[in-house]
Visitor: 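Take a look at this one; I'll ask things after.
Predicted, not measured: the structure shown is a model, and the values here were computed from it. When a ligand or atom number is given, it counts from 1 through the structure's own listing order.
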Amino acid sequence: MTKNTSLEHIRNIGIMAHIDAGKTTTSERILFYTGKSHKIGEVHDGNATMDWMEQEQERGITITSAATTTIWRNHMINLIDTPGHVDFTVEVERSLRILDGTIALFCAVGGVEPQSENVWRQAEKYNVPSIVFINKMDRAGADFFKVLDAIKDDLKAEAVPLVIPIGAGDQFEGIIDLVEDCAVYYDEKDSGASYHEEAIPEEWQDTYKEWKQYLLERVSETNEELLEKFCADEKIEANELRTAIREATHLRHIFPVLCGSAFKNKGVQRLLDSVVYYLPSPIDIPPVKGILPDGEEAERTPKDSDKMSALAFKVVADKHMGKLTYVRVYSGTLESGSYIYNSTKDKKQRVGRIVRMHANRQEIVEQLYCGDIGAVIGLSDTVTGDTLCSEEHPIVLEAIDFPEPVLSMA
Ligand code: GDP
């Protein structure tokens, strides 16, 4: 990041999913589209997706990176890898601690499984807002509304569709957008052509009206201004609705629901748009808390001018770069070449080079600004869960009790 990326334009997110729901496929699509939007992907024909992804898989850097930085619509999205297996509960918690929002991914056929429930509870514990993506709408037996009910019943979550699917299985063609009031039909490049309200097919009109009403009701309940308009039967503009959805999502009062098929390139770009619209930036979340040496509680605000504080959330051994310590900077600026203090270990440390991992390259950066995520090369004594800060202003950030350091080969 350069200082051009303001804090409001950062999204630190992860994908939570039950195994096999399509997390890898969705991540690859996200990296493809975000890479493409930056001209990283090379070709523009219909097969570009596969060519590019095969290459990426061969190189093996795409998904194995603990945090991958991508750009979408002028926003920097740091996609943090969250393990989807139930055995890695601690790992899930560790990553939830440092991200600001998640995409909760469900299979349109399998729905809510015990594992998904576990991960959902963890996100609840850390108060992380989520948007829901019901994937695999193209599969036989896909049932959007059944999965929606399961989310509401099993997870007790106020899941509110922002779209409803047009068809399912091999008849899945697109969506009706309940915020914009239009129908969107996807082609194989995921670029939906959108039409106006009148173009919503006749047979879908009743379903559309029913769910639009539901959306307005649920969102109005969270917002007084909207409620007044809703009760007075006044028109609520898409922009107002979007702002209210964003605010309610940040507070976990609602969970916006989208759907599509990552495998068939349907709906992933809309999902990215929703990440930008609805999930919080580092300044939308409460300041991080910590403990000062005298035992007092303190907060650090997401400002470059505040005292530096960062949390190490993953340590990996990289074949080429050696020991990589992934950090999230909460306040101040982490400078390469500077000396910092590991307050958890009571050790002074020198910051070596700092890298930002992109899907297809590593970028050496001079500093990480607050709100940002990157990896420091060669921090000798730091393990997962440690706080890094300035020696003059020590603090130990509220961290999860990590039972043991993790060192895995990337
Ligand atoms: P993960 O375990 O959650 O990472 O799931 P994967 O992304 O590896 O996907 C599991 C399987 O589901 C793979 O065979 C994918 O090709 C397939 N898959 C993923 N997304 C979709 C989808 O939208 N539609 C269909 N039909 N298959 C999908």
Side-chain angles (χ1 to χ4, degrees), residues 13-34 46-47 49-54 56-58 60-68 70 79-89 91-92 95-96 102-120 122-123 130-144 146-148 150-151 163-175 184-192 257-272 274 359 410:
I13 63 151
I15 304 180
M16 309 190 292
H18 173 263
I19 188 152
D20 226 34
K23 193 176 101 169
T24 311
T25 315
T26 308
S27 306
E28 283 173 347
R29 292 301 189 258
I30 287 179
L31 297 177
F32 170 69
Y33 288 120
T34 51
N47 292 323
T49 317
M50 280 325 292
D51 295 348
W52 191 82
M53 277 189 226
E54 273 160 22
E56 283 303 305
Q57 274 159 2
E58 268 171 38
I61 50 171
T62 314
I63 313 296
T64 52
S65 175
T68 309
T70 65
L79 186 62
I80 295 129
D81 188 37
T82 45
H85 308 247
V86 75
D87 333 5
F88 294 118
T89 308
E91 284 231 29
V92 176
S95 42
L96 281 171
T102 73
I103 298 169
L105 193 83
F106 296 93
C107 168
V109 184
V112 177
E113 315 236 9
Q115 262 182 32
S116 349
E117 202 167 330
N118 260 322
V119 183
W120 187 273
Q122 287 169 320
S130 299
I131 49 181
V132 171
F133 187 68
I134 300 182
N135 187 34
K136 301 200 189 185
M137 279 305 301
D138 63 300
R139 270 190 59 190
D143 190 336
F144 177 83
K146 196 167 147 204
V147 180
L148 186 67
I151 297 170
V163 306
I164 50 167
I166 302 176
D170 55 13
Q171 308 287 317
F172 175 61
E173 293 177 70
I175 49 117
V184 179
Y185 294 90
Y186 294 122
D187 60 16
E188 72 281 359
K189 287 182 187 158
D190 197 11
S191 43
V257 182
L258 303 156
C259 69
S261 162
F263 185 64
K264 294 271 166 110
N265 291 321
K266 292 181 176 175
V268 176
Q269 298 195 37
R270 180 164 290 258
L271 176 63
L272 278 163
S274 301

Visitor: Decide yes or no for Leu272 and Thr70: does some side-chain heavy atom of the first lie under 4.5 Å from some side-chain heavy atom of the second?
Guide: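 Of all side-chain heavy-atom pairs linking Thr70 with Leu272, none is under 4.5 Å.
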Visitor: To check your reading of the model: name the closest protein heavy atom to atom 10 (C) of ligand 1, its residue, and the distance in Å.
Guide: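 In this structure, atom 10 (C) of ligand 1 has Asp20 OD1, 3.2 Å as its nearest protein heavy atom.
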Visitor: Is there a side-chain contact between Val257 and Phe144 in this structure, where contact means two heavy atoms from C-beta onward sitting under 4.5 Å apart?
Guide: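 SC-SC contact between Val257 and Phe144 confirmed.
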Visitor: Heavy-atom contact check, 4.0 Å cutoff: does Ala262 meet ligand 1?
Guide: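 Judged by the 4.0 Å heavy-atom criterion, Ala262 does count as contacting ligand 1.
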Visitor: How far is atom 26 (N) of ligand 1 from the closest protein heavy atom, and which atom is that?
Guide: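 Protein heavy atom with the smallest distance to atom 26 (N) of ligand 1: Asp138 OD2, 2.9 Å.
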Visitor: May I ask whether atom 15 (C) of ligand 1 is less than 4.0 Å from at least one protein heavy atom?
Guide: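 At least one protein heavy atom is under 4.0 Å away.
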Visitor: Provide the closest heavy-atom pair for Asn135 versus Ala21 in the form atom of the first, atom of the second, distance.
Guide: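 Nearest pair, atom of Asn135 first, then Ala21: ND2-O, 2.9 Å.
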Visitor: Answer whether the closest heavy-atom distance between the side chains of Met137 and Ile175 falls below 4.5 Å.
Guide: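 No, too far: nothing below the 4.5 Å cut-off.
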Visitor: Would you kindly specify which portion of Thr24 sits under 4.0 Å from ligand 1, judged on non-hydrogen atoms: side chain, backbone, both or neither?
Guide: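 Under 4.0 Å from ligand 1, Thr24 contributes backbone and side-chain atoms.
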Visitor: Look at atom 3 (O) of ligand 1 and say which protein heavy atom is nearest, naming residue and atom and giving the distance to 0.1 Å.
Guide: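 Of the protein heavy atoms, Lys23 N, 2.8 Å lies nearest.
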Visitor: Quick check: do Asp20 and Cys107 have side-chain heavy atoms less than 4.5 Å from each other?
Guide: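 Of all side-chain heavy-atom pairs linking Cys107 with Asp20, none is under 4.5 Å.
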Visitor: Answer yes or no: is there a side-chain heavy-atom contact under 4.5 Å between Leu79 and Ile13?
Guide: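 Yes. Closest side-chain heavy atoms under 4.5 Å.
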Visitor: Who's the nearest protein heavy-atom neighbour of atom 18 (N) of ligand 1, and how far?
Guide: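 Checking every protein heavy atom, the shortest distance to atom 18 (N) of ligand 1 gives Lys136 CE, 3.7 Å.
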Visitor: Lys264 to ligand 1: N or O pair under 3.5 Å?
Guide: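 For ligand 1, there is no N or O atom that lies under 3.5 Å from one belonging to Lys264.
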Visitor: For the residue pair Leu96 and Thr102, establish whether any side-chain heavy-atom pair is separated by less than 4.5 Å.
Guide: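 Contact flag for Leu96/Thr102 side chains = yes.
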Visitor: Determine whether the side chain, the backbone, both or neither of Arg139 has a heavy atom under 4.0 Å from any heavy atom of ligand 1.
Guide: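 The side chain, only.
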Visitor: Before signing off on this row, confirm whether Ser261 and ligand 1 have an N or O atom pair separated by under 3.5 Å.
Guide: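 Min N/O separation from ligand 1 is below 3.5 Å for Ser261.
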Visitor: With side chains defined as the heavy atoms from C-beta onward, is the minimum distance between Leu271 and Arg29 less than 4.5 Å?
Guide: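 Counting from C-beta outward, Leu271 and Arg29 never come under 4.5 Å.
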Visitor: Under 4.5 Å between any side-chain heavy atoms of Phe172 and Lys264, yes or no?
Guide: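 Counting from C-beta outward, Phe172 and Lys264 never come under 4.5 Å.
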Visitor: Heavy-atom contacts with Asn135 under 4.0 Å: which atoms of ligand 1 show up? List them by number with element.
Guide: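 Listed by number with element: 20 (N), 21 (C), 23 (O).
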Visitor: Among protein heavy atoms, which lies nearest atom 13 (C) of ligand 1, and at what distance?
Guide: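 Nearest neighbour among protein heavy atoms for atom 13 (C) of ligand 1, to 0.1 Å: Thr25 OG1, 4.7 Å.
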Visitor: Name the closest protein heavy atom to atom 21 (C) of ligand 1, giving the residue it belongs to and the distance to 0.1 Å.
Guide: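 The protein heavy atom lying closest is Phe263 CB, 3.1 Å.
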Visitor: Test your reading of the structure: does Gly22 have an N or O sitting under 3.5 Å from an N or O of ligand 1?
Guide: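 Looking only at distances, the answer is yes, because the N/O contact criterion of under 3.5 Å is met.
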Visitor: How far apart are the closest heavy atoms of Trp120 and Ala104, and which atoms are they?
Guide: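 Scanning both residues, the minimum pair turns out to be CZ3-CB, 3.7 Å.
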Visitor: Does Gly260 reach ligand 1 with a nitrogen or oxygen that is under 3.5 Å from one of the ligand's nitrogen or oxygen atoms?
Guide: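 No, Gly260 has no N/O under 3.5 Å of an N/O on ligand 1.
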